[in-house]
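Here is the structure we will look at, set down as structure tokens.
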Amino acid sequence: MKLSKSFIPTLKEVPNDAVVTSHVLMLRTGMIRMLSAGIYSFLPLGYKVVKKVCEIIREEMDAIGGQEFHLPALNPKEIWEETNRVEAFGDTMFHVKNREYILAPTHEEIMTYHARRVLASYKDMPQTWYQIQTKFRNEPRPRSGIIRGRQFLMKDSYSFDTSSEGLDASYKLHDSAYRKIFERCGLKFFVVGASSGAMGGSGSEEFMVKSSAGEDTVAYCESCGYAGNVEVAVSKVEPLIRKESSKEIYEIHTPNVKSIDELCAFLNIDETQCAKSRVYISDNTPVLVLMLGNEEVNETKLEKLVANARPGHPEELSELTGADAGSIGPVGFKGRIIADERLRNLNNMFSGANKNDYHIGGIDLTRDVTNIEYADLRIIKAGEGCTRCNSKLDVFPAIELGHIFKLGTKYSESMGALFLDENGKSHPIIMGSYGIGVERVIACYIEQNNDEKGIVWDKTLAPFHIHLIGLNMKKEEVITASENLYTSLQSEGYLVLFDDRKDAQAGFKFNDADLLGMPIQIIVGEKKLKENKVELKIRKSGERFEVEIDQINETLKNIFNQ
RNA sequence: CGGGGCGUAGCGUAGUCCGGUUAUCGCGCCUGCUUUGGGAGCAGGAGGUCGCAAGUUCGAAUCUUGCCGCCCCGACCA
């Protein structure tokens, strides 16, 4: 493609609204433009990359027996009522105003709708159905360019099996296909155990990329590879031991002491002697959650014990306990009390007195809080031990690229997708669902492959393999040589972007080439042409060589086959 | 949804507090000449509902009110 005739609007300056590297670079390279918050247009250069990612996904999905569909994004609401997910998605689902339609945020319902009509016998299964299609979610806060949008491309697939063993097999096939897809895309990723969340089902894994732009937090063990979303991750921490003898309970006047840090400073104690209280409300019932010291509540873990828990409002807290947030404690609290495992059976603890400006010391959780339950509720922290190998865990933000779920029968049961087994008995189909954020693959690639000059594409995803630069395009010999190269490189099968602009300065062209980041730049200049040579630059390393023009194909073959 | 910030030409911006000729500057764009190995020079030129609406005023980018949009933090989130 000739740059003089292309629409590749590069930007020299960083647009005001972009913060995240991949967003900045996609705007600056003219890959995308924003239409509205969380809604992006892909321009020709960006769409080339989208198509490349989709092709890789298709090849790997087809390789595991997937069959590609193309379902409507506009769905009748009544199908979604069958699984009660109109309510479950709530405001996240887009509703069409002038007809009872919704814009699909995912496609479990539609795939199940088709499955229940055609998968009537055990002989019809297993099946794996997929599509690459636009999803719509009314995200309250779109962010980071295409990383979180209101409209995005997703590869979603669905497996239909007759047994849980069958589901396991389908799930494993997807796991291996996903690994191949992300490897082929050149991403450094890892797989973490995850929460199934609102999707339901038994097992779930996320494919993650480490990134400061990430919205998930994961724990990762460098030495054994253990990885988990902090929503579900576990770690090994020093157990705390009950003291020999329990003191009596005593009240302490603690004026203006609210936080655990203030309490520790005021009483000159360690935070491991403190029990922090958080009050949650679940369906109008209060639950007191006790955490050691400054440890934080993992609300995903809490959700498994207490449905629909939300933090109590300040007014609710004082009404329930008689005290404000900084002075609440378990002693005398009326209601369910769940303490983190680390607090199990501890004594001589300090906590709030349920009376403003007072705390209680000498608490023996076993003696003084008789209705206490224990559970693992904490958010793990960096530096804690790996439960598998004892090394230290790293905790960092990450972007979720893909998620695979064992759904089980949640959708087939509620929608009546049944099949007959060998004995003529009816069972719900056993399902899995599997997603990849297509644009996120691109954003993550760019997050991982850029430098101060711009994007650094690898051959696989690069919109073009070669960026051919004709320097002074007013000189006849430069025009002839670069045009000839342009033709011959293309006939060799390379995708070539040819900077044939007549009036752009050399520096301008070089900087654009570095910004756009094609793997190889070939520079045709007047001086080198006199020796029948051109210059070849490898974008990634910055290495440059002079190459005889008739050697160029061989040189390229060597580079691209490395 | 809570907190903070922002909205002036395609992009980046000055001016807004303290109202006053023709709204600033850089990049980009157009024309001509020169220039062509790391974001050129000279000369000339085009491009603006100052987010929208109402109000105050002799006069509003500037003050007031309402609305819309965008970004960031938090909450939320397959």
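Throughout, protein chains are lettered first and strands after them, A, B, ... in sequence-line order, and every chain is numbered starting at 1.
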message: Rounding to an integer number of Å, can you tell me how far A:Glu215 CD sits from B:A75 P?
response: 11 Å
field: Interatomic distance where CE belongs to A:Met34 and P belongs to B:G7 [whole Å]
entry: 15 Å
query: For B:C70, what is the paired nucleotide under Watson-Crick or G-U wobble rules, both distances under 3.5 Å?
result: B:G5
Any-strand Watson-Crick or G-U partner of B:A40, both distances under 3.5 Å: B:U34
statement: From the candidates B:G37, B:G39, B:A78, the one with an atom nearest any side-chain atom of A:Asn511 is B:G39
- prompt: Whole Å only: how far is the CG atom of A:Asp512 from the P atom of B:A40?
  reply: 11 Å
task: Check every atom of B:G12, B:C70, B:U36 against the side chain of A:Asn472 and return the nucleotide holding the closest atom.
output: B:U36
- request: Measure from the side chain of A:Glu535, starting at C-beta and using heavy atoms only, and say which of B:U36, B:G37, B:C71 lies closest.
  value: B:G37
Base-pairing assignment for B:U64 (Watson-Crick or G-U wobble, both under 3.5 Å): B:A54
- prompt: Does any donor-acceptor pair link the side chain of A:Lys474 with the base of B:U35 at a separation under 3.5 Å?
  reply: yes
- prompt: Across all strands shown, which nucleotide pairs with B:C77 by Watson-Crick or G-U wobble geometry, both distances under 3.5 Å?
  reply: none
field: Closest nucleotide among B:C76, B:C70, B:U36 to the A:Glu299 side chain
entry: B:C76
- prompt: What nucleotide, of B:C70, B:G12, B:A40, holds the atom closest to the side chain of A:Ser36?
  reply: B:C70
message: Checking A:Gln127 against A:Trp129: is there a side-chain donor and acceptor pair closer than 3.5 Å?
response: yes
- prompt: Any side-chain heavy atom of A:Leu320 within less than 4.5 Å of one from A:Val279?
  reply: yes
field: Base partner of B:G19, which must satisfy Watson-Crick or wobble distances under 3.5 Å
entry: none
task: Determine the contact category for A:Asp514: base if any of its heavy atoms lies under 4.0 Å from a base atom, sugar-phosphate if only primed atoms, P, OP1 or OP2 are that close, otherwise nothing.
output: base
statement: Rounded to whole Å, the CE-C1' distance (A:Met473 to B:G37) equals 15 Å
- request: Check the distance between B:C70's P and A:Leu27's CG and give it to me in whole angstrom.
  value: 15 Å
field: Any strand: nucleotide that pairs with B:A46 via Watson-Crick or wobble, under 3.5 Å
entry: none
Euclidean distance for C1', B:G51 against B:G7 (whole angstrom): 6 Å
- request: Name the pairing partner of B:A14, where a pair is Watson-Crick or G-U wobble with both distances under 3.5 Å, or state none.
  value: none
field: Candidate nucleotides B:C77, B:G12, B:A78, ranked by approach to the side chain of A:Arg148 - the nearest
entry: B:C77
message: If you assign each of A:Asp17 and A:Arg501 to its closest nucleotide in RNA chain B, which residue comes earlier from the 5' end?
response: A:Arg501
message: Whether A:Lys2 and A:Asp499 form a salt bridge (side-chain N of Lys/Arg under 4.0 Å from carboxylate O of Asp/Glu) is what I want to check.
response: no
- prompt: Will you find, in the side chains of A:Asp514 and A:Gln521, an N or O donor that is under 3.5 Å from an N or O acceptor?
  reply: yes
- request: In whole angstrom, give me the gap between the P atoms of B:C18 and B:U65.
  value: 14 Å
query: Choosing from B:A78, B:U35, B:G12, which nucleotide comes nearest the side chain of A:Pro15?
result: B:G12
- prompt: Got a donor-acceptor pair under 3.5 Å from the side chain of A:Arg141 to the base of B:C72?
  reply: no
- prompt: If you check every side-chain atom of A:Phe508, which of B:C76, B:G12, B:G39 has the closest atom?
  reply: B:G39
Length of the CZ-P vector between A:Arg28 and B:G28, whole Å: 14 Å
- prompt: Any salt bridge between A:Lys474 and A:Glu526, counting N to O under 4.0 Å?
  reply: no
query: Got a donor-acceptor pair under 3.5 Å from the side chain of A:Glu13 to the base of B:G26?
result: yes
message: Under the ring-ring contact (aromatic ring centres under 6.0 Å, His included) test against A:Tyr178, which residue among A:Phe207, A:Phe190, A:Tyr434, A:Phe189 passes?
response: A:Phe207
- prompt: From the list B:C73, B:C71, B:G12, which nucleotide is the closest neighbour of the side chain of A:Ala37?
  reply: B:C71
Whole-Å distance separating the CZ atom of A:Phe7 from the P atom of B:C29: 14 Å
query: Do the charged groups of A:Arg148 and A:Glu139 touch, with an N to O distance under 4.0 Å?
result: yes
Atom-to-atom span, CD1 of A:Ile436 to P of B:A78 - whole angstrom: 19 Å
Earlier contact from the 5' end, RNA chain B, for A:Pro140 and A:Gly38: A:Gly38
statement: Against the side chain of A:Leu471, the closest entry in B:A75, B:C71, B:G37 is B:G37
